[in-house]
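Here is the structure we will look at, set down as structure tokens.
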Amino acid sequence: MIEWSASQIRDFQQTLLTWYDNNGRDLPWRRDHDPYHVWVSEIMLQQTQVNTVIPYYERFMALFPTVEALAATPEAKLMKAWEGLGYYSRARNLQKAARQIVNDNSGQWPQTVEGLKDLAGVGPYTAGAIASIAFNQPVPAVDGNAFRVFARLLEIDLDIAKPQTRSAFEKIIARIIPQDRPGDFNQAIMDLGSSYMTAKNPDSKHSPVKAFNQAYLDGVELQYPVKSKKPKPVKVAYFGLVMRHGDQFLMQQRPSGGLLANFWTFPLVAEDDVLALSETPELVTDEERLTLLEQYVRQEFGLTVHVVPMGGKPVKHTFTHRQWVITLLAAQVTADTDLSYFPGKWLSTAALDKIALPKVQEKLFARI
DNA sequence: GACACGTGGGC
DNA sequence: TGCCCAAGTGT
């Protein structure tokens, strides 16, 4: 990597901030520096693109205009507001943190990185973003943009996928961040990272800081940032049971931890669990699998059903680390079935409209 | 420190 | 299609 002199740092600050003053994006959460606005937007923006967040942010502020309103809202209303945005623990942590502020801290915001990090769902990046933007603290906010921008500007070849790399970047950026406009500086870096210095197809030729971009000047821009690869999603096959009675569906609530925690879906049975009922799973035919599925549902759920394939291709849904392949089956069951052993209940379409559903369940509904 | 945790967009 | 990326945090 290279290092900048004090005068190069001053030049960079001025060039960046002048560009930001004239070209910074006009975003809904930039209308003021209210910590509630900054905080909610930063949580929504975690691993999520700006254009996706904008409508969610607008609706969220209309529903929950203050941290007190958020702290007091019922969970179902909160999750409905977050429906489709993903990483749902963000929403639960958001309310947890709101209650920390309202109940434990009498409505007062922590104003330092250390204090902010004690809030649920606020890590080193978000704490730095709130501290610098809302409270004018001269601290870095190192997100994916900052990693990429500074890795290219200074040809930093540390692997940004490794946790310890963060502190190295924070030290480097701490020397460069201007004491008087830290929030604008951090946001300018993000705007730069999403315009001229993008991950793919960067346009450094026209970038306001191209003279400072060592990787570009050396023709090795796309070698930065260095980032080790993550494993591919693991495929998991499920049977999805469609049990309908009038305008109600028999739905299953997922466990309170793990993927899509607490969400309602059609009952999903892992094919591996079904095949485990056979002593020779590798020899099981398609017809036998359905018989085994009926056996599984009887044993595990206490439901006697007859399943019929619904036709069409299986529904695929990919998460960060899992790919679900769901074969839909119509299962006959009566509404007065004994559900004592089944972790779910009948839900009407009206009830389903009121609760948040994950995208994968929306895909399943679209197929029936 | 490695992995879990959603969804949508771009090529 | 498959893969990578997008304003990360919790465990």
Side-chain angles (χ1 to χ4, degrees), chain A residues 24-25 27-30 37-57 79 82-94 96-97 116-130 132-133 140-149 159-167 169-170 183 185-195 197-202 222 225 227-236 254-263 265 313 316-324 356-363:
Chain A
R25 288 175 290 181
L27 299 168
W29 46 88
R30 286 185 178 173
H37 298 162
V38 175
W39 170 57
V40 170
S41 67
E42 290 299 342
I43 300 297
M44 286 187 170
L45 286 161
Q46 290 171 5
Q47 300 294 286
T48 309
Q49 298 188 146
V50 167
N51 286 341
T52 301
V53 166
I54 289 173
Y56 279 91
Y57 177 85
M79 296 313 291
W82 205 271
E83 181 180 38
L85 200 50
Y87 282 151
Y88 297 98
S89 65
R90 289 185 295 176
R92 298 190 175 101
N93 282 149
L94 203 62
K96 192 173 173 184
L116 288 161
K117 277 174 68 177
D118 288 336
L119 298 173
V122 176
Y125 161 72
T126 306
I130 300 171
S132 62
I133 298 169
V142 186
D143 68 334
N145 288 302
F147 274 127
R148 183 173 62 256
V149 167
D159 183 351
I160 67 167
K162 296 194 178 304
Q164 72 267 27
T165 298
R166 167 176 301 280
S167 65
F169 272 74
E170 284 176 344
F185 178 90
N186 285 333
Q187 293 184 92
I189 293 296
M190 297 181 215
D191 281 16
L192 195 59
S194 62
S195 56
M197 296 184 68
T198 49
K200 298 171 183 173
N201 303 319
L222 293 182
K227 188 178 185 181
S228 53
K229 291 186 180 177
K230 300 207 165 164
K232 287 192 298 186
V234 177
K235 286 187 183 176
V236 188
R254 296 183 57 76
S256 57
L259 190 57
L260 302 178
N262 296 334
F263 278 91
T265 66
K313 287 186 289 189
K316 289 187 179 180
H317 189 79
T318 304
F319 303 94
T320 308
H321 58 303
R322 291 284 184 278
Q323 181 176 37
W324 286 3
L357 295 174
K359 282 294 170 185
V360 63
Q361 180 56 42
E362 299 289 0
K363 283 188 192 176

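Reminder, nothing fancy here: chain letters follow the sequence lines and each chain counts from 1. Computed from a predicted structure; not experimentally measured.
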Problem set entry | Side-chain N or O of A:H317 closer than 4.0 Å to phosphate OP1/OP2 of B:dG6 | no
For this session: Could you check how far CD of A:Q323 sits from P of B:dC5, rounded to whole Å?
Result: 16 Å
For this session: Assign each of A:V360 and A:K162 to its nearest nucleotide of DNA chain B by heavy atoms, then name whichever residue's nucleotide is nearer the 5' end.
Result: A:K162
For this session: Give one of base, sugar-phosphate or nothing for A:N201, where a contact means two heavy atoms less than 4.0 Å apart.
Result: sugar-phosphate
Exercise. With distance as the sole criterion, is a donor-acceptor pair present between the side chains of A:S195 and A:R25 under 3.5 Å?
Worked result: no
Problem set entry | Set of salt bridge (charged side-chain N to carboxylate O under 4.0 Å, His left out) partners for A:E83, sequence neighbours left out | A:K80
Exercise. Just by distance, do the side chain of A:R148 and the backbone of A:M197 share a donor-acceptor pair under 3.5 Å?
Worked result: yes
Exercise. When the distance from CZ of A:R254 to C1' of B:dA4 is rounded to whole Å, what number comes out?
Worked result: 13 Å
Exercise. So, does A:T48 use its side chain to make a donor-acceptor pair with the main chain of A:Q46 at under 3.5 Å?
Worked result: yes
For this session: Figure out the CG/P separation between A:L222 and C:dC4, and round it to whole Å.
Result: 15 Å
Exercise. Can you find a side-chain donor-acceptor pair between A:S256 and A:N262 that sits under 3.5 Å?
Worked result: no
For this session: Round to the nearest Å and state the distance from A:R90 atom CZ to B:dT7 atom P.
Result: 10 Å
Exercise. Taking the six-membered ring where the residue is Trp, are the ring centres of A:W29 and A:Y57 under 6.0 Å apart?
Worked result: yes
Exercise. Can you give one letter per nucleotide of nucleotides 5-11 of chain C, 5' to 3': B if a protein heavy atom sits under 4.0 Å from the base, S if only from the sugar-phosphate, - if neither?
Worked result: SBBBSS-
Seminar exercise, completed: Taken to the nearest whole Å, OH/A:Y88 to P/B:dG6 is 8 Å
Problem set entry | B:dG6 and C:dT11, which share atom name P, separated by this distance in whole Å | 13 Å
For this session: Respond yes when some side-chain nitrogen or oxygen of A:H321 is under 4.0 Å from OP1 or OP2 of B:dA4, and no when none is.
Result: no
Problem set entry | Gap in Å between the two P atoms, one belonging to C:dA6 and one to B:dG1, rounded | 23 Å
Exercise. In Å and rounded to the nearest 0.5 Å, what is the CD1 to CG distance from A:I130 to A:L119?
Worked result: 7.0 Å
Exercise. Looking only at atom P, what distance separates B:dC3 and C:dC4, rounded to whole Å?
Worked result: 15 Å
Exercise. In whole Å, what separates the P atom of B:dC5 from that of C:dA7?
Worked result: 23 Å
For this session: Kindly say if A:Y56 contacts the phosphate of B:dT7, meaning a side-chain N or O under 4.0 Å from OP1 or OP2.
Result: no
Problem set entry | Interatomic distance where NZ belongs to A:K363 and P belongs to B:dT7 [whole Å] | 9 Å
For this session: Give a yes/no on whether any side-chain N or O of A:K232 is located under 4.0 angstrom from OP1 or OP2 of C:dG2.
Result: no
